There are 2 protein chains.
Amino acid sequence: MKMTMKDIAKEANVSTATVSHVINGTKHISEEKHNRIMEVIRKYNYIPNSTAKNLRKQSTKTAGLIVSSFPDSFVTEMIYGAEKRAREMGYNLLLINTNENSSYEKETINLLHAKMVDGIILAPTASGASYLNSFTDDNFPIVLVNRDDPSLKNIPKVTGDNYQTGFDSATHLLKHGHEKIGIIYAVSNVSTTVHRIEGYKDALKKYNLPFNDSYIEQGHATVEGGAEAVKSLLTREKDISALFILNDLMTIGAISKMKELSLRIPKDIALMGFGDFASANIIDPPVTNIVLPPETIGKTAFDVLLSKINNPEYNKHIELPPTLITRKSCGC
Amino acid sequence: MKMTMKDIAKEANVSTATVSHVINGTKHISEEKHNRIMEVIRKYNYIPNSTAKNLRKQSTKTAGLIVSSFPDSFVTEMIYGAEKRAREMGYNLLLINTNENSSYEKETINLLHAKMVDGIILAPTASGASYLNSFTDDNFPIVLVNRDDPSLKNIPKVTGDNYQTGFDSATHLLKHGHEKIGIIYAVSNVSTTVHRIEGYKDALKKYNLPFNDSYIEQGHATVEGGAEAVKSLLTREKDISALFILNDLMTIGAISKMKELSLRIPKDIALMGFGDFASANIIDPPVTNIVLPPETIGKTAFDVLLSKINNPEYNKHIELPPTLITRKSCGC
DNA sequence: CCTTTTTAGTTAATCGATTTACTTAACTTG
DNA sequence: CAAGTTAAGTAAATCGATTAACTAAAAAGG
């Protein structure tokens, strides 16, 4: 049977206020009443209704986690990190996947706001998120994760250092003599892609090499998308000697297609992937990857959200550095 | 500024009841007032507070999704399917990962119950979930997903047909002459594992072959766990000619280790994996897998939860059939 | 011993919606 | 035109907690 605090109070012959104080330890209650109340609570296995509590306290111990591309191994690990941290801190996470649909993103934020979540961790879609200003101006805590939106100022951010990611991977290939390096990416107009390409460009510049726009190919973030993209790119640009692929599924698709085309990796084309997917090490050839720590990004995003909740002035941008994992596919 | 219905009512010179009726269409309101109210609502971008609504309506349009092993590609896709369906039906999903910790599972269900979620989709941990009876007896909608608990009766279930999965994969290997088939699994005492092994046993029986307990090896559900398990199993049982590995990461680890041990697949050992992970096709050799449809399982679980919410008597068990994807690793 | 302070507990307002029961005016209808 | 319906709107109860303000009794202080 569903028990309310009123029922407990009646059974224990006290007021609901007393019951509440016992439960929350907000006032000293005599040993005797304390015990009597606890007994009744245990007897009926009473658990206070959080919705009522939430309404009164104007806080829900729930946060929203809005991702834009799921399932994707990077995002999945990020979710894992955030959920784990949230749990440790006594929070629950509402998971929403906008699937790169920006109008759904906007809608969702309104919905979660109305649901009175204590804050939102948002991996935004490609279209700008300037509409967020009306929320942050109202002190509704939002933290951007993974993807940055440089136009937003009063908002904390947790991302990987994508510029460095692009710079380091390009430098690694350049160092080993590759001058014509192709890039395959999935999502346009997001900071993850844009910054990696910027890093790549600057690495070229450092080596006094020209940037060639047609070495950059877009495709779907799927195995098939990677296969198509690599075919289209390598058919068009025959002199490319190395590839940097910004998405794990696409990397897998690309390798598959290159085998089909009898292109040897790394002999004919060197290859670097992004993200440390489980099979990277046993694929033939094992894939050299540059990785950003998704779990840490997720965990940190939640910590930052908590900071923002506790201090509306908190607006740091935390950028986590990449790591290069050298295996066979780049021939280095 | 945060607006309440009271503010809107005052500004529009009506009662909150009228505002509520306009918003919900629960009573006919004159054109004139209707427009006046809508205008004020738009002017302030007013969105009704769901927590208050939830408290009053005793429903939250939110469901809990409790998984026990995350991130895991199967579970991830299941989450994807469930979240997508939930969204389509106007629900949000609270995602919780119990990490195979049964006491945390119990705690979480109490918590979500108190949060007044409309129902829960639960992928239970290994330890029995008989404590669920007190919830289902109270008509709190819970559906079991992925893992079955046969001791629970008044509860709907959505699972893959794991018996058939074990039977079909064993039969496939037996048909091609393998008589000593090893199994590597991750989690004990869950229906997914138990039923697959039962199916495997029955397939052996059909071929009049004995079941050998020591062909069954357990390990951690990780790449490293798979590597260790395969080493331990193949060192102990030298005459095994085929392996069936029930987890994708372990499959990857096992292949990696077998390469290290200079065991050729499928020449020395044939191999079948479970679940259609992205890299299966480009791993060397491409992995033959038997798969159950995780996205469909997740989606169906949410549909079933909705059925259960609308009809407390709904207690079907939906079991989805496996598909065999033949590639090189089993040599068939 | 009287005043002040502290302690233990309660009453009632509050959070922000929904909804039942009621009122008043307008409209039918025989 | 009196009686019965219907329509449009509102007041107030309600959902189930928390908590400010209050009270009464006990303890402390002078």
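Computed from heavy atoms alone, side chains included, the values below leave out hydrogens, waters and symmetry copies. To find a chain, count down the sequence lines: A is the first, B the second, and so on, and within it residues start at 1. The structure displayed is predicted, hence computed values, not measured ones.
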May I ask you to say what [X] touches in the nucleic acid, namely base, sugar-phosphate or nothing, with a heavy-atom cut-off under 4.0 Å?
{"X": "A:Lys27", "answer": "base"}
{"X": "B:Asn54", "answer": "nothing"}
{"X": "A:Ser30", "answer": "sugar-phosphate"}
{"X": "A:Ser20", "answer": "base"}

Interatomic distance, [X] [atom1] vs [N] [atom2] [rounded to whole Å]:
{"X": "B:Asp7", "N": "C:dA17", "atom1": "CG", "atom2": "C1'", "result": "13 Å"}
{"X": "B:Asn49", "N": "C:dT14", "atom1": "CG", "atom2": "P", "result": "17 Å"}
{"X": "B:His28", "N": "C:dA25", "atom1": "NE2", "atom2": "P", "result": "20 Å"}
{"X": "A:His21", "N": "C:dT11", "atom1": "NE2", "atom2": "C1'", "result": "12 Å"}

Reading DNA chain D 5' to 3', which nucleotide is the first, and which the last, to come under 4.0 Å of any heavy atom in chain B?
D:dA8 to D:dG16
Toward the 5' end of DNA chain D, which comes first, B:Val14 or B:Arg56, by nearest nucleotide?
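Residue closer to the 5' terminus by nearest nucleotide: B:Val14.
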On DNA chain C, does the nearest nucleotide to B:Thr26 precede the nearest nucleotide to B:Leu55 from the 5' side, or the other way round? Give the residue.
B:Leu55
Under a 4.0 Å threshold between the charged nitrogen and the carboxylate oxygen, would [Y] count as salt-bridged to [X]?
{"X": "B:Glu83", "Y": "B:Arg87", "result": "yes"}
{"X": "B:Arg42", "Y": "B:Glu39", "result": "no"}
{"X": "A:Glu77", "Y": "A:Lys84", "result": "no"}
{"X": "A:Glu11", "Y": "A:Lys43", "result": "yes"}

Donor-acceptor pair, side chain of A:Ser307 and main chain of A:Asp303, under 3.5 angstrom
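Checked: pair present.
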Any idea which of C:dT19, C:dT10, C:dG9 is nearest the A:Ser15 side chain?
C:dT10
Report the nucleotide, chosen from C:dT10, C:dT19, C:dT18, that has the shortest atom-to-atom distance to any side-chain atom of A:Thr18.
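Output: C:dT10.
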Would you say a side-chain N or O of B:Thr16 is under 4.0 Å from OP1 or OP2 of C:dA17?
no
Pairs in or reaching into residues 13-37 of chain A: which pass salt bridge (charged side-chain N to carboxylate O under 4.0 Å, His left out), with residues at least two apart or in two chains?
A:Glu32-A:Arg36
Of the non-hydrogen atoms in B:Ser191 and B:Asn146, which two are nearest, and what is the gap between them?
OG-O, 4.2 Å
